[in-house]
Amino acid sequence: MKLIAFDVDGTLLDTLDTINYHVNDTLVDYGFKEVNDAKYMLSILGYGSYYLIEKSIQYHEKDYDNKEKIEEVLQEYTKRYNANPSYLTKIYPGLEDLVRYLKENDYLVAAYSNKPDKVLKPLMVDIFEEGLFDYIEGQKVGVPSKPHPQVLNTIVEMFEMDKDQVVYVGDSDVDVETAKNAGVVSLAVSWGFRSREFLENLSPDYLVDTAEEAREVIDKLRG
């Protein structure tokens, strides 16, 4: 038995269009300009919502540093995103089939994300069928977020797994660092929010370009 834990945004789900929509919708209502640069938006994802809003504003206003206004925009963005997180969100090609394959072949499958828990769980049920994942965990108040290993370690302990029987799959530096901090196998994927070149420099245990390659690596590790 192995436990395969997935990051969500950029790994299981393509949420870029969703985030762009809600960011721009909020920026315009607060008198800021839209950001219509997908490459730039990708570069600022994964470091928290405050950073996302701050850098979105600074795309057009380089020296903007009104923290109170940024916080105000952030709160409104969060409210809008949380109200409709599945809008424009898509499952990456082959990922639902991969999860089903893992389940059918007696792997335990979890999803662990820095997305707020109260948003993540209904989103996953909305996008995937209920019960497809053995466990889903998002960010909770007072609990360290990734790359701190606390939550991933807790999931590992809950399923009574040895660390060498656990793989954490993700698309970012935060995910690779989380896996390393927890002492589990890191499987980086290049279809998400970071480039293959960027991921190679992080020296993950494995780096793949497709869901099929991910399946092959996971099965190989199972032996």
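No hydrogens, no waters, no symmetry mates; every other heavy atom, side chains included, goes into these values.
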Straight-line distance of Glu130 CD to Met124 CE, nearest 0.5 Å: 12.0 Å
Separation between CG of Asp171 and CG of Leu207, rounded to the nearest 0.5 Å: 11.5 Å
Salt-bridge criterion met for Glu200 and Arg196 (N-O under 4.0 Å): yes
Donor-acceptor contact present, side-chain Ser186 to main-chain Val176, <3.5 Å: no
Leu42 vs Lys39 side-chain heavy atoms within contact, under 4.5 Å: no
Main-chain N/O of Asp164 paired with Lys2 side-chain donor or acceptor, under 3.5 Å: yes
Test item: Glu213 side-chain N/O and Asp209 main-chain N/O as donor-acceptor pair under 3.5 Å: yes
Non-neighbouring partners of Lys90 that pass side chain to side chain donor-acceptor pair (under 3.5 Å), sequence neighbours left out: Asp17
Path from Val28 to Val35 over hydrophobic side-chain contacts below 4.5 Å: no
Aromatic plane relationship, Tyr92 with Trp191 - under 30° parallel, 30 to 60° tilted, over 60° perpendicular: tilted
With Ile136, the side-chain contact (heavy atoms from CB on, under 4.5 Å) member among Val8, Val109, Leu120: Leu120
Under 3.5 Å: donor-acceptor pair, side chain of Arg80, backbone of Asp25: yes
Electrostatic pair Arg100-Glu96, nearest N-O below 4.0 angstrom: yes
Modelled atom types, side-chain donor and acceptor of Asn82 and Lys118, under 3.5 Å: no
Linked, directly or transitively: Ile57 and Tyr47 (ILVMFWY side chains, under 4.5 Å): yes
Contact check, side chains of Ile127 and Ser86, non-hydrogen atoms, under 4.5 Å: yes
Flag for Lys115-Tyr81: side-chain donor and acceptor within less than 3.5 Å: yes
Pairwise side-chain contact, Val23 with Leu52, heavy-atom cut-off 4.5 Å (strictly under): yes
Members sharing Leu88's hydrophobic cluster (side chains within less than 4.5 Å): Tyr21, Tyr87
Any residue meeting ring-ring contact (aromatic ring centres under 6.0 Å, His included) with Phe32, in chain and number order, not counting sequence neighbours: Tyr64
Interatomic spacing from CG in Leu45 to CD1 in Ile19 - rounded to 0.5 Å: 4.5 Å
Glu177/Lys180 salt bridge by N-O under 4.0 Å criterion: no
Side-chain donor or acceptor of Asn105 paired with backbone N/O of Tyr101 under 3.5 Å: yes
Minimum side-chain heavy-atom gap Val184-Val167 below 4.5 Å: no
Donor-acceptor under 3.5 Å (Arg215 side chain, Leu102 main chain): no
Residue pair Leu199 / Ser190: nearest heavy atoms and the distance that separates them: CD1-CA, 3.8 Å
Spatial distance of atom CD1 (Ile53) from atom CD (Gln58) [nearest 0.5 Å]: 11.5 Å
CZ-OG1 distance between Arg194 and Thr11, expressed to the nearest 0.5 angstrom: 10.5 Å
Taking every non-hydrogen atom, the tightest pair across Leu16 and Asp14: N-OD1, 3.3 Å
Close side-chain approach of Leu3 to Tyr107, heavy-atom, < 4.5 Å: no
Side-chain heavy atoms of Lys55 within contact of Tyr40, under 4.5 Å: yes
In one Ile/Leu/Val/Met/Phe/Trp/Tyr side-chain cluster, 4.5 Å: Val174, Met41: no
Closest non-hydrogen atom pair, Ile155 against Tyr112: CD1-CB, 4.1 Å
hydrophobic_cluster_shared for Tyr206 and Val189, side chain cutoff 4.5 Å: yes
Qualifying residues under side chain to side chain donor-acceptor pair (under 3.5 Å), relative to Lys33, sequence neighbours excluded: none
side-chain contact (heavy atoms from CB on, under 4.5 Å) between Tyr77 and Leu27, worked out: CA-CA 8 Å; Tyr77 159 75; Leu27 289 179; over 6 Å; no
Non-neighbouring partners of Phe193 that pass ring-ring contact (aromatic ring centres under 6.0 Å, His included), sequence neighbours left out: none
Flag for Thr15-Thr89: side-chain donor and acceptor within less than 3.5 Å: no
Residue pair Phe128 / Leu95, side-chain heavy-atom distance below 4.5 Å: no
Nearest heavy-atom neighbours spanning Leu74 and Ser49: CD1-CB, 3.4 Å
Under 3.5 Å, side-chain donor or acceptor atoms of residues 140-151 against the rest of the protein: list the pairs with distances, not counting sequence neighbours.
residue: Lys140; atom: NZ; partner: Glu137; partner atom: OE2; Å: 3.4
residue: Lys146; atom: NZ; partner: Asp7; partner atom: OD1; Å: 2.9
residue: Lys146; atom: NZ; partner: Tyr168; partner atom: OH; Å: 2.9
residue: Lys146; atom: NZ; partner: Asp175; partner atom: OD1; Å: 2.8
residue: His148; atom: ND1; partner: Gln150; partner atom: N; Å: 3.1

Reported CD-to-NZ distance for the pair Glu157 and Lys163, which is rounded to 0.5 angstrom: 7.0 Å
Exam field: side chain Asn66 to backbone Glu68, donor-acceptor pair closer than 3.5 Å: yes
Non-hydrogen side-chain atoms of Val169 and Leu12 separated by less than 4.5 Å: no
Distance-minimising heavy-atom pair for Asp117 and Pro122: O-CD, 4.3 Å
Shortest non-hydrogen contact from Leu152 toward Ala5: CD1-CB, 4.3 Å
